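The block underneath contains the structure these notes are about, expressed in structure tokens.
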Amino acid sequence: MGTRDIAVVLVAAGRGERLGAEKPKAFVELAGRTLISHSLENIVAVANLAQVIVAVPKELIAEANQLVSAHHLTDVSFAVVAGGQTRQESISLALQNLDSQVAVVLVHDAARALAPTELFDRVASRVRETKGAVIPALPVVDTVKRISDDLILETVDRESLVSAQTPQGFLAAELTEVYAAAQAEFTDDAALFQSFGKSVSHIYGTRRAFKITTPEDLTSAELLFGVDVRTGIGTDVHRFTSDPEKPLFLGTVVWPGELGLEGHSDGDAVSHAIVDALLSAAGLGDIGSNFGVDRPEFAGANGSVFLSETLRLIAQHGFQVRNIAVQIIGNRPKVAPHRERVEAALFELIKAPVSLSATTTDGLGFLGNSEGVAAVATALIARPNSSPIDRLGA
Ligand code: CTP
Ligand code: MG
């Protein structure tokens with residue numbers, strides 16, 4: 001490791017008009033994390049990193065500080081600053097906070113949230129080798145036309161064209177100088193740099209550094225993560241009570257005219273089997289380890305109490321429920337007259353399809369002689385993978 005002398009300026013102060021989300025673009029989530037967080041994850045691994053400066057909309061400085069603090073590293077200084085009206089102004093404001101030991105600055109768009117560490121490292125190395133400005137760029141693959149209104153004027157030779165990406169790398173002294181002297185607005189740092197007659201070279205970029213501009217871009221980015229799908233199983237059994245006044249609860253709702261079930265809670269074997277299936281799918285233990293009989297707040301509790309808490313827990317781990325299947329095993333109660341009502345109540349609560357079926361045991365055992373009811377449930381849950389599947393290559 002050499003000395004730490006690289007700063008990354010992460011520009012995240014845009015409004016994201018074209019994305020049209022509720023929040024400014026850099027604060028929008030992709031696969032469960034904000035674009036800023038994805039960018040920072042790749043940036044903090046950059047070799048010889050000394051400083052990270054993030055420019056954000058003024059009213060989101062506190063929120064950005066929270067996001068940034070999750071990535072803090074010893075030996076690296078972090079600053080969050082208010083950006084400006086334009087990208088260029090945001091960078092200009094960020095550069096006013098540059099540490100004095102920084103020799104190389106990499107300017108990066110938070111909108112290129114999946115640009116890999118490897119790209120930052122390649123740009124920085126090339127800046128050192130050439131002692132000049134370096135940008136990543138990719139060949140233009142489409143045939144390019146010059147137009148005037150709806151008329152094609154000519155086909156432009158694409159051999160001499162590339163599309164520019166970020167991070168764009170500069171010697172710190174040169175970049176601060178051109179930003180201080182800037183008279184006109186440019187869409188990237190290389191253009192501003194060249195307006196002072198200074199040369200810029202390019203290296204081969206990566207498709208991973210594509211810019212998220214529109215909702216379609218965000219969807220494409222989401223697809224790169226793929227989905228982590230999990231299945232789980234749960235079983236529960238409760239004994240029928242001898243108290244004729246006790247109502248039967250299965251699937252959170254009352255089954256009128258049926259004998260109730262015993263239990264620390266309301267004996268709802270269907271809800272409890274679903275809770276176990278969800279916890280099992282998420283690898284979060286079971287109903288006993290999460291809602292033990294030693295907890296008085298669950299005494300007599302309705303199945304919806306356990307289900308809601310379980311849904312909150314698995315959502316905390318990033319999971320969404322895809323579907324639930326439950327089977328009731330026993331002679332009683334007859335399920336068919338209640339199926340639709342129970343499925344609808346559970347759908348309302350779980351926000352995913354729930355199917356309820358039933359079977360008997362051919363008269364055998366405690367389920368065959370109506371001593372109790374058993375329920376078996378399976379759950380399918382899913383969340384985005386934590387990093388993109390390498391479908392785009394380097
Ligand atoms: N940017 C910035 N300050 C601005 C404008 C843009 O820091 N005043 C940043 C954006 O946050 C983004 C990068 O520059 O990371 C590239 O800009 P762009 O993709 O155009 O993002 P937005 O300006 O947010 O989007 P839009 O143009 O659709 O509003
Ligand atoms: Mg913009």
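Ligands are counted one by one from 1 in listed order, and the atoms in each one are counted from 1 as well. Heavy atoms only: backbone and side chains are in, while hydrogens, waters and symmetry mates are out. Computed from a prediction, not measured in an experiment: that's the story for all the values here.
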Ring centre gap for Phe78 and His72 strictly below 6.0 Å: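 Ring centres of His72 and Phe78 closer than 6.0 Å.
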Note the single closest protein heavy atom to [atom], along with its residue, its atom name and the distance in Å.
{"atom": "atom 10 (C) of ligand 1", "result": "Gly14 N, 3.6 Å"}
{"atom": "atom 7 (O) of ligand 1", "result": "Ala13 N, 2.9 Å"}
{"atom": "atom 13 (C) of ligand 1", "result": "Asp109 OD1, 3.4 Å"}

For ligand 1, find out whether one of its N or O atoms is nearer than 3.5 Å to an N or O atom of Lys211.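 Yes, Lys211 has an N/O under 3.5 Å of an N/O on ligand 1.
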Of the backbone atoms (N, CA, C, O) and the side-chain heavy atoms from C-beta on, which set of [X] has a member under 4.0 Å from an atom of ligand 1: side chain, backbone, both, or neither?
{"X": "Val11", "value": "both"}
{"X": "Ser90", "value": "side chain"}
{"X": "Glu89", "value": "neither"}

Are Asp217 and Ser220 close enough that a side-chain donor and a side-chain acceptor fall under 3.5 Å?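 There is no such pair (donor and acceptor under 3.5 Å, judged by atom type) between the side chains of Asp217 and Ser220.
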Heavy atom to atom 20 (O) of ligand 1, shortest distance: which of His108, Arg18, Lys25 holds it?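 Of the listed residues, Arg18 has the closest heavy atom.
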From CD (Gln194) to CG (Asp188), nearest 0.5 Å: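 It is 8.5 Å, given to the nearest 0.5 Å.
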Is atom 17 (O) of ligand 1 in close reach of the protein, with a heavy atom under 4.0 Å away?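 Flag for atom 17 (O) of ligand 1 set to false, no protein heavy atom closer than 4.0 Å.
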